[in-house]
Amino acid sequence: MIKSELIDRLAAENPHLTQKDVEKIVGVILDQMTDALAEGGRIELRGFGAFSVRSRPARQGRNPRTGASVQVPAKAVPFFKSGKELRERLNAD
């Protein structure tokens, strides 16, 4: 599912909200989640999972085309750990 499909489904399930309102709501939620992660925070959605930020150290990489060594800088990457309910629903018989 992509963002526009999510907006369409939410708008269909909530006819009292306009498409524009749902679009704004989804945008604000995603922006707040992004801001929280950018500040090094953690987001926990009970039953769904938790988003956090992990840091990767600098390392020596290799350019696959030329084989030359390349210095890869340290960076922060998003990490998702699924919640118990989500795992149970995915593995239900």
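The first residue of the sequence shown is numbered 1, and numbering continues consecutively from there. The structure presented is a predicted model; accordingly, all values stated were derived computationally and were not measured.
- For residues 7-28, there are no salt bridge (charged side-chain N to carboxylate O under 4.0 Å, His left out) pairs, not counting sequence neighbours.
- Cluster annotation: M1 and I29 are assigned to the same hydrophobic cluster (Ile/Leu/Val/Met/Phe/Trp/Tyr, side-chain heavy-atom contacts under 4.5 Å, transitive).
- Scanning both residues, V22 and A11, for their nearest heavy atoms gives CG2-CA, 3.9 Å.
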Could you go through residues 39-52 and list every donor-acceptor pair under 3.5 Å that involves a side-chain atom there, pairing it with any protein atom two or more places apart or in another chain?
unit_1, atom_1, unit_2, atom_2, d
R42, NH1, E44, OE1, 2.9
E44, OE2, R46, NE, 3.3
E44, OE2, R46, NH1, 3.3

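- For R59, there are no side chain to side chain donor-acceptor pair (under 3.5 Å) partners at least two apart in sequence or on another chain.
- Qualifying side-chain contact (heavy atoms from CB on, under 4.5 Å) partners for S82, counting only residues two or more places apart in sequence or in other chains: F80, L86, R87.
- Heavy atoms from other residues, nucleotides or ligands lying under 6.0 Å from CD of Q19 number more than 12.
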Show which side-chain atoms of residues 30-37 pair as donor or acceptor with protein atoms under 3.5 Å away, not counting sequence neighbours.
unit_1, atom_1, unit_2, atom_2, d
T34, OG1, L30, O, 2.8

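- By the side-chain contact (heavy atoms from CB on, under 4.5 Å) test, S69 is found to be paired with Q60, R62, residues two or more places apart in sequence or in another chain being considered.
- Here the side chain of N63 pairs a donor or acceptor atom with the backbone of R65 at under 3.5 angstrom.
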